[in-house]
*Asks:* 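Okay, here's the structure, questions in a sec.
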Amino acid sequence: MTADKKTLLAMYRTMVTVRQFETMAGEYFAAGQIPGFIHLSIGQEGSSVGVCSCLRPDDYVATTHRGHGHMIAKGADLKRMVAELFGKATGYCKGKGGSMHIADFSIGILGANGVVAGGLPLICGAGLSIKLRKTDQVAVVFFGDGASNRGPVHEAMNMASIWDLPIIFVVENNQWASTTPQSYACALGDLCQRAGAYNMPGVSVDGNDVLAVRQAMLEAVARARKGEGPTMLENKTYRVRGHFEGDPQKYRDQAEVLTWQEKNDPVARFAQVLVKDQLLTQKKSKAIWDAVNTELDAAVQFAKESPFPKPEEALEGLYANA
Amino acid sequence: MTADKKTLLAMYRTMVTVRQFETMAGEYFAAGQIPGFIHLSIGQEGSSVGVCSCLRPDDYVATTHRGHGHMIAKGADLKRMVAELFGKATGYCKGKGGSMHIADFSIGILGANGVVAGGLPLICGAGLSIKLRKTDQVAVVFFGDGASNRGPVHEAMNMASIWDLPIIFVVENNQWASTTPQSYACALGDLCQRAGAYNMPGVSVDGNDVLAVRQAMLEAVARARKGEGPTMLENKTYRVRGHFEGDPQKYRDQAEVLTWQEKNDPVARFAQVLVKDQLLTQKKSKAIWDAVNTELDAAVQFAKESPFPKPEEALEGLYANA
Amino acid sequence: MSDRIMSASAALAEGLHEEMSRDPSIFILGEDLTAHAGIFGQFKGLPEAFPGRIIDTPISESCIAGCGVGAALTGMRPIVDFHFSDFVTCGMDELCNQAAKIRYMFGGQVKLPLVVWCPDGAGLRAAAQHSQSLEAWFVHTPGLKVVVPSEAADVKGLMKAAIRDDDPVMFFQHKRLFRREGHVPADPEFIIPLGRAAVKREGKDVSLLTYGSGFFLCLDAAQELGKEGIEAEVVDLRTLKPLDMDTVAASIRKTHRAVIVHEACLTGGFGAELAARIQAELFDELDAPVLRVAAKDVPIPFSPPMEDFVLPKPADVVGAVKAVCYR
Amino acid sequence: MSDRIMSASAALAEGLHEEMSRDPSIFILGEDLTAHAGIFGQFKGLPEAFPGRIIDTPISESCIAGCGVGAALTGMRPIVDFHFSDFVTCGMDELCNQAAKIRYMFGGQVKLPLVVWCPDGAGLRAAAQHSQSLEAWFVHTPGLKVVVPSEAADVKGLMKAAIRDDDPVMFFQHKRLFRREGHVPADPEFIIPLGRAAVKREGKDVSLLTYGSGFFLCLDAAQELGKEGIEAEVVDLRTLKPLDMDTVAASIRKTHRAVIVHEACLTGGFGAELAARIQAELFDELDAPVLRVAAKDVPIPFSPPMEDFVLPKPADVVGAVKAVCYR
Ligand SMILES: Cc1ncc(C[n+]2csc(CCOP(=O)(O)OP(=O)(O)O)c2C)c(N)n1
Ligand SMILES: Cc1ncc(C[n+]2csc(CCOP(=O)(O)OP(=O)(O)O)c2C)c(N)n1
Ligand SMILES: [Mg+2]
Ligand SMILES: [Mg+2]
C-alpha cells in the first residue's frame with residue numbers, strides 16, 4: 001500500500017466527488033442550465049486522483065478542456081466551480097471562463113485550456129520558474145492521447161529534458177480524441193515510448209487503478225523534487241462519456257463503452273480494494289457517497305442562488321495595469 | 001559499391017560542384033556582391049549528394065536556409081542559382097527570393113525555407129499528394145539538428161508514419177544550430193532515436209561518407225517507393241563555416257573546425273575511395289575540378305551580366321489569379 | 001433553374017459535392033471529418049460520396065496547414081478544415097509565412113490552390129478560445145485572399161469560386177449561421193466571383209457596409225430604421241480581399257454616409273481598413289464620419305449576459321446610423 | 001543628469017541591465033543569446049553580468065513563448081526574445097490565445113508580466129521571411145499591449161516601462177535601427193510610460209503620425225517640406241496600444257491635416273485603425289482626408305531595387321503631405 005488509511009479514504013472520497021460532480025454537470029447541462037459545451041471525465045478518476053494525491057498545494061497543475069476532475073483532485077472549491085459552469089458572478093472566473101477555462105492560482109492550478117496541448121509550453125515555464133526560484137515544487141501537466149500529437153508537446157518535453165525541469169507529463173490515454181481513435185492518430189501502442197525521444201523516463205500504467213497511478217506518480221514526483229528531471233506518465237484509461245455532452249458518438253460501439261463502464265470502473269475497482277483490505281465497508285462507503293452528494297447539492301444550490309455577472313463586467317479585468 | 005563507375009564519378013563531380021559553388025558564394029558575399037545573408041554547406045556535401053544521388057527528377061525535395069548543396073545535387077541550374085544570389089532578374093525567383101528562397105519546381109525542388117523546419121509540414125503534403133495520385137514518387141525533406149526540436153517536426157513525422165507516406169526525413173546533424181551545440185539543445189546522442197517515437201525506422205550514418213549516406217538512402221527510397229512508409233535518416237556531419245558568412249563564431253574553438261576540415265572532408269574522403277578503387281586518378285580529378293570551375297565561372301559571368309529586376313517588378317507575381 | 005431553400009451548411013456541402021465531382025484533385029483534410037461529416041455536420045454526405053478524399057488527421061494544425069500547402073504545390077487542390085478559426089494560431093506560420101509567400105518568393109513559379117475553411121464567430125457560449133473572428137490578421141497578410149460569406153447562396157457560390165481560384169483563400173464561415181436558411185440557385189455553375197460585393201438592400205440615406213454575421217445585424221437594423229423613415233442600403237462585401245471598392249464607392253456616392261459592421265473586435269478590425277480607404281478615396285462625398293460597429297475590445301467572455309453585451313447588436317447599428325444621419 | 005549619446009542597441013542593453021539589477025525575477029529567454037549577447041549583440045554585457053538569467057533555448061518558439069507565459073504566472077518577470085519578429089507565427093497560439101487571454105478568461109485572478117521582444121523590419125535584404133512588421137496583428141488582439149520605439153531613448157524608457165508593466169507587452173524594435181545613435185538620459189529612473197506619444201517636431205501645417213522606423217522617414221520628410229515652407233508636426237506614437245489619442249487629437253486640432261506613416265504593409269496595417277479613429281473622432285477638424293504611407297502590399301522581395309521600391313520613403317511622405325496640403 002502506497003498510503004495510510006486516512007490518505008486512501010480521502011482519495012476514495014475525492015474519486016467519488018469527481019464522479020458525482022461530473023454526473024451532476026451532465027445532468028444540468030442536459031437540463032439546459034449550463035451554457036456552452038462541457039467535457040466530462042467520468043471513468044478517468046483514477047488518473048486525476050492518483051496523480052494529484054501525490055501533490056502539495058504549492059505544486060502546479062495545468063489541465064485541459066476535460067479538467068474538472070484534475071481541479072477537484074488538486075483541491076478546488078466545488079461551489080466556485082459549479083458557479084463558473086453556470087456562468088455566475090461567484091464562479092472562479094466571475095463567469096468569464098466557463099467549464100473550459102477554470103483556474104485557481106491560489107492552489108497552483110494554472111488553468112484548464114481550450115487549446116489542446118496548450119498546457120505544455122506553459123508548464124515548462126512553471127518548471128523553469130521553479131528552477132530559477134530554487135524551490136522544491138513540481139509542475140504537472142495533463143494532456144490527452146490526441147494532444148500528444150501536437151507540436152508543442154515535442155518542444156515542451158525536449159526543453160524539460162535538457163534542463164531537467166521538475167515536470168511530470170501526464171498523458172491520459174483514454175483511447176479517443178473526439179471522434180478519432182488513438183490507434184489511428186499514432187502508430188505507437190504505448191504513448192510512454194515518446195519519452196525515449198527525449199531521453200526521459202516514461203511509464204505506462206493502468207489508469208483505472210488509482211494505486212498504480214499513485215505509485216508511478218510518487219516516483220516521478222520524488223525524481224522531480226530531487227532535481228533529477230521530468231518524467232512522462234501514461235495513464236491508460238477510457239472516455240466513458242461522449243467527447244462533449246450531446247456527442248452522437250456514431251464513431252464507436254456502445255458495447256465497448258459498456259464493457260469499460262461495467263468491468264473497469266476506477267471508482268468501483270478502488271472500492272473493492274479498500275473493502276478487501278478492510279479499510280472500507282458498504283456502510284462507510286454509502287456514508288461517503290451521501291456526504292459527497294450533500295456537499296455537491298450545497299454547491300449547486302450556491303450556484304443557482306448566485307447572480308449572473310452584470311453585462312458591463314465584461315469590460316473588467318483585461319489588463320492588470322489599465 | 002552501391003553504384004557503377006559513371007554514377008560514382010558523377011557524384012564526385014557534383015560534390016566538387018557544391019564545394020566550389022559554396023566557396024564562390026562565400027567570396028562574392030565577402031566582396032559585397034551578394035546582398036543579405038547566406039548560409040554555406042561546405043563540409044556537408046556527403047549528405048546533399050549522397051541523398052540526392054538516389055532520387056529521380058520527379059521526386060520532391062524540400063530544403064532549408066542552408067540549401068545550395070541540396071539544390072545542386074537535385075540538378076538545379078547553376079546560372080539561375082548564382083543569378084538569384086546576386087539578386088538578378090534572371091535568377092530562379094527573378095530576384096525575389098535570394099539565397100534562402102530558391103526553388104525549381106520543374107525538377108521537384110519545392111524550395112529552400114527561411115523558417116527552420118518549415119519544410120516538414122509541407123513535405124507531408126507532398127507525400128500525401130503522391131499517395132492520393134498513386135504515383136511511385138518519393139519526397140525528401142532536409143532539416144538540421146536545431147530544426148529537429150521544433151514542433152512541426154513532431155507533427156509531420158507522426159502524420160507521415162500513420163499514413164505510410166513515401167517520405168525520407170533527412171536530418172543533417174552538423175553539431176551546431178547557429179551558436180547552439182546540438183548536445184545542449186537535445187538530450188539524445190543519435191537523433192535517429194526520434195524515429196522510434198513514430199514507430200518509424202531510423203538510421204544514423206557518417207554523413208561525410210557519401211557512400212554510406214547513399215546506401216542508407218537507397219534502402220529508405222526503396223521502402224518509400226514500395227509504399228512501406230517513411231524513414232528517418234540522420235547524417236552526422238559538421239558545419240565547417242560559420243552559421244552565416246560573417247559569423248564571429250565566438251562559441252567554438254577553431255581547432256574543432258580544423259580537425260573536421262583536415263581529417264574528415266567528405267570530398268577528399270570520396271576522392272581517396274575512388275582513387276583506391278582505381279576509378280579516379282589525380283589527373284582525372286584535376287580535370288573534374290577544372291571543368292567545375294569553368295562551369296561556375298560561366299554561371300558567375302552570367303549573373304554579373306544579368307540585369308537587376310526593375311523596381312516595379314516587385315508588384316508582380318503575388319497572385320496567380322489577380 | 002429555380003431556387004431552393006437550404007441551410008448555409010447544406011449549401012456548403014452541395015458546393016463541395018459539385019466541385020469534388022467535377023475535379024478529382026480536390027480533397028478535404030482536417031480533424032474529425034468522417035465520423036460526423038465534420039464536427040458541425042458541415043460536410044454531410046461527402047464522406048460517403050468521396051471515400052478517401054475526406055481525410056481525418058491527428059490533432060496537428062501546423063502539419064494540417066502544411067499538408068495543404070505541400071499538396072497544393074504538387075498538383076492537388078486541397079481544402080483544409082481548421083476545426084475552429086481560433087486555432088489558426090497553431091498553423092500561423094504555414095498560412096502566413098509559407099502559403100501566403102511561396103508563390104511570390106519563388107518568382108511566380110507555382111500556383112498554390114488552397115482553401116482554408118475556418119468556422120468562426122461567437123454566440124455559442126464557447127468563451128475566449130472558441131469564438132474569435134480573426135479575418136483581419138489575414139487581410140494584413142499579402143498573398144492570402146479572404147472570404148467571409150453571410151447567406152447560404154454566398155457560402156455555396158463563394159466556396160466554388162475559392163476552390164477554383166489558384167491562390168490560397170481563407171474562408172471564414174460563422175458557426176452560428178450554419179443552420180440559417182436561404183435561397184440557393186440550383187444551377188451547378190452558380191458561382192460568385194471573388195472580389196464582388198452585393199447590394200442586398202437598396203437605400204438612399206446611409207450605407208451599411210458589412211460581411212458575415214454582421215450582414216444579418218444590418219438587415220434587422222435596416223428594418224428598424226425603415227420604420228423611422230431612414231432608408232439604409234446594405235452592402236454585403238462577401239470578399240474582404242480582393243475588396244470590391246467600386247460597389248462600396250457607388251453606394252456612398254448615393255448615400256454620403258456609411259457605417260461599417262462586423263463581429264470581430266473593433267480595434268484593428270477590417271472596419272478600420274475600410275473606413276480609412278473610404279475617407280481617403282471619398283472624402284468629399286462624406287456628409288458624416290464613417291462609424292464602425294463591432295465587438296468590444298475584450299476576449300469573448302463565457303457567461304451569456306457578458307457575451308451578449310460584448311457582441312454588436314442591431315440596436316448598435318441603429319444608434320450609429322442615427323449618429324451619422326442626424327448631423 | 002546629462003544625456004549620453006548611444007545606439008538603440010546600447011540603450012536597450014542599459015535599460016535591461018538596470019532593471020535586471022533591480023529585480024531578480026527578471027530573466028531573458030530565447031535562441032542564441034549567450035554566445036554573442038543576442039544575434040544582434042543587443043544584450044551586450046548581460047550574459048556576463050547576469051549568469052543563468054540569460055537563457056539559451058532550443059529552436060522551439062511555441063515553447064519559448066509558453067515558457068514566458070508559465071514563468072510570468074508563477075512569480076517571474078520573463079522577457080522572451082523572438083529572434084526575428086517573423087517567427088511570432090510559430091508562437092502565435094501562446095501569444096494570442098494564452099498570454100493575451102489568461103488574465104481575462106480566469107476572471108482577473110493573475111497578472112502576466114511578460115515582455116516579448118521582437119526585432120522586426122526590412123531593409124537588410126533578408127527577404128520575405130525575415131523582414132516583416134507585424135504589430136497590427138497584436139493591436140487586434142485584446143489583452144496584449146504593443147510598443148514600437150524609434151529613438152534610442154525611447155527604446156530604453158519604453159523597455160523599462162514594459163518590464164515593470166504587469167501585462168504582456170509586444171515590443172517591436174527595428175533591426176536596421178540598432179546602430180542608430182541618440183541622446184539617452186542618464187537617470188536610471190528615466191522611464192517612458194506606456195501610452196504616451198511624443199511630439200518630436202512642432203509644426204502647424206500637417207501632422208505626421210508615425211512610430212518605429214517611420215519616425216525617421218517623417219523627420220527627413222519634414223526637413224524637405226520645411227524648405228518649401230510647409231511646417232510638419234511629427235508625432236511619434238511610441239505605444240500603439242494603449243494609444244495616446246489625446247496627443248494625436250491635439251496635433252490635428254492644430255494642423256487639421258494628417259498623414260500616417262509606418263513600414264508595415266498598407267492594407268490592414270495600424271494606419272488603418274488610426275485613420276479610422278481620426279476621421280470618426282475629429283471629422284470636423286479635418287481639412288483633408290487622412291492619408292497613409294506604408295509598404296506596398298507584397299511580401300518583402302530580396303533584390304535591392306525591388307525591396308527599396310516596396311518600402312516607404314521620405315519622398316512618399318512628402319508626396320502625401322502635398323496631397324493633403326494643396327486642397
Ligand atoms: C489546437 C486544438 N485543436 C483542436 C481542438 C478541438 N478539440 C478539442 S478536444 C479535442 C480532442 C482532444 O483529444 P485528447 O487530447 O485525447 O483529449 P480527450 O478529449 O480525450 O480528453 C479536439 C480535437 C482544440 N481544442 N485545440
Ligand atoms: C522558426 C525559426 N526559428 C529561428 C530561426 C533562426 N535560425 C535560422 S537558422 C538557425 C539554426 C538552424 O540550425 P539547424 O537546424 O541545425 O540547421 P543548420 O544551420 O545547422 O544547417 C536559426 C536558429 C529561423 N530561421 N526559423
Ligand atoms: Mg483522448
Ligand atoms: Mg545544425
Side-chain angles (χ1 to χ4, degrees), chain A residues 60 62 84 89 91-98 100-106 108-115 117-130 132-133 135 137 139 141 150-160 162-163 309 313-314 316-322, chain D residues 24-27 29 52-53 55-76 78 80 90-91 93-94 96-114 142-145 161 164-169 193-195 241-242:
Chain A
Y60 300 117
E84 189 59 38
Y92 261 117
C93 310
K94 303 177 179 170
K96 290 202 171 80
M100 254 190 308
H101 308 293
I102 315 187
D104 184 345
F105 290 85
S106 71
I109 300 172
L110 305 183
N113 213 309
V115 176
L120 283 96
L122 192 149
I123 209 67
C124 264
L128 179 59
S129 158
I130 291 170
L132 290 168
R133 289 184 284 104
T135 71
Q137 295 164 281
V141 61
R150 281 204 61 226
V153 173
H154 177 61
E155 297 187 0
M157 290 184 68
N158 182 61
M159 239 186 244
I162 63 167
W163 291 337
E313 288 174 31
E316 297 169 8
L318 180 55
Y319 297 102
N321 303 147
Chain D
S25 70
I26 300 167
F27 69 98
L29 190 71
R53 290 170 63 188
I55 303 172
D56 287 329
T57 66
I59 306 172
S60 302
E61 284 74 14
S62 294
C63 203
I64 292 165
C67 274
V69 175
L73 291 175
T74 54
M76 305 299 287
V80 305
C90 304
D93 191 71
E94 290 68 26
C96 297
N97 278 336
Q98 309 296 336
K101 295 176 170 57
I102 279 177
R103 174 181 167 79
Y104 183 86
M105 276 191 315
F106 296 140
Q109 283 183 55
V110 273
K111 54 188 171 72
L112 207 155
L114 169 68
L144 299 177
K145 294 173 178 176
R164 298 183 186 197
D165 196 272
D166 286 332
D167 297 308
V169 178
L194 303 189
K241 199 168 59 168

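Sequence lines set the chain letters: A, B, ... in the order given, protein chains first and strands last, and positions in each chain run from 1. This one's a predicted model, so the numbers in the text were calculated from it and none came from an experiment.
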*Asks:* If you count heavy-atom pairs within less than 4.5 Å of chain D, which of E313(A), E155(A), M100(A) leads?
*Replies:* E155(A)
*Asks:* Examine whether an atom of I123(A) lies under 4.5 Å from a heavy atom of chain D, and if so say whether it belongs to the side chain, the backbone or both; otherwise answer neither.
*Replies:* neither
*Asks:* With a 4.5 angstrom heavy-atom cut-off, is it the side chain or the backbone of E316(A) that approaches chain D, or both, or neither?
*Replies:* backbone
*Asks:* Quick one: what part of I55(D) sits under 4.5 Å from any heavy atom of chain A, side chain, backbone, both or neither?
*Replies:* side chain
*Asks:* Using 0.5 Å steps for rounding, measure from the CG atom of N113(A) to the CD1 atom of I102(D).
*Replies:* 7.0 Å
*Asks:* Chain A: which of G66(D), A72(D), P113(D) shares the most heavy-atom pairs with it under 4.5 Å?
*Replies:* G66(D)
*Asks:* Measuring heavy-atom distances to chain D, does A112(A) have an atom under 4.5 Å in its side chain, in its backbone, in both, or in neither?
*Replies:* backbone
*Asks:* Please check this pair: side chain of D166(D) against backbone of N321(A), looking for a donor-acceptor N/O pair closer than 3.5 Å.
*Replies:* no
*Asks:* Which atoms form the tightest heavy-atom contact between W163(A) and D56(D), and what is the distance?
*Replies:* CZ2-O, 3.2 Å
*Asks:* Evaluate the side chain to side chain contact (heavy atoms under 4.5 Å, CB included) criterion for residues Q109(D) and C93(A): first the C-alpha distance (whole Å), next the side-chain angles of each, then the deciding distance (0.1 Å), finally the verdict.
*Replies:* CA-CA 8 Å; Q109(D) 283 183 55; C93(A) 310; 4.2 Å; yes
*Asks:* Where on T57(D) is there a heavy atom nearer than 4.5 Å to chain A: the side chain, the backbone, both, or neither?
*Replies:* both
*Asks:* Tell me, for A314(A) versus chain D, whether the close heavy atoms (under 4.5 Å) come from the side chain, the backbone, both or neither.
*Replies:* both
*Asks:* Using non-hydrogen atoms and a 4.5 Å limit, figure out which bit of I130(A) sits close to chain D: side chain, backbone, both or neither.
*Replies:* neither
*Asks:* Give me the atom names and distance for the closest heavy-atom approach of L110(A) to F106(D).
*Replies:* O-CE1, 3.8 Å
*Asks:* Counting only heavy atoms closer than 4.5 Å, note whether P142(D) contacts chain A via side chain, backbone, both or neither.
*Replies:* both
*Asks:* If I measure from the heavy atoms of chain A, does N97(D) come under 4.5 Å with its side chain, its backbone, both, or neither?
*Replies:* side chain
*Asks:* Check for a donor-acceptor pair, side chain of E94(D) on one end and backbone N or O of P121(A) on the other, with a separation under 3.5 Å.
*Replies:* no
*Asks:* So what's closer than 4.5 Å to chain A heavy atoms on A100(D): side chain, backbone, both or neither?
*Replies:* backbone
*Asks:* Just how far is it from atom NE2 of H154(A) to atom SG of C63(D), taken to the nearest 0.5 Å?
*Replies:* 10.5 Å
*Asks:* Under 4.5 Å heavy-atom distance to chain D, tell me which part of L128(A) shows up: side chain, backbone, both or neither.
*Replies:* side chain
*Asks:* Give the minimum heavy-atom separation between G143(D) and L318(A), together with the two atoms involved.
*Replies:* CA-CD1, 3.6 Å
*Asks:* Examine distances only and state if a side-chain atom of S129(A) and a backbone atom of T74(D) form a donor-acceptor pair shorter than 3.5 Å.
*Replies:* yes
*Asks:* Rounded to the nearest 0.5 Å, how far apart are CE of M159(A) and SG of C67(D)?
*Replies:* 5.0 Å
*Asks:* Which one wins on heavy-atom pair count under 4.5 Å against chain D: K94(A), R133(A), E84(A), H101(A)?
*Replies:* H101(A)
*Asks:* Does Q98(D) use its side chain to pair, donor to acceptor, with the backbone of V115(A) at less than 3.5 Å?
*Replies:* no
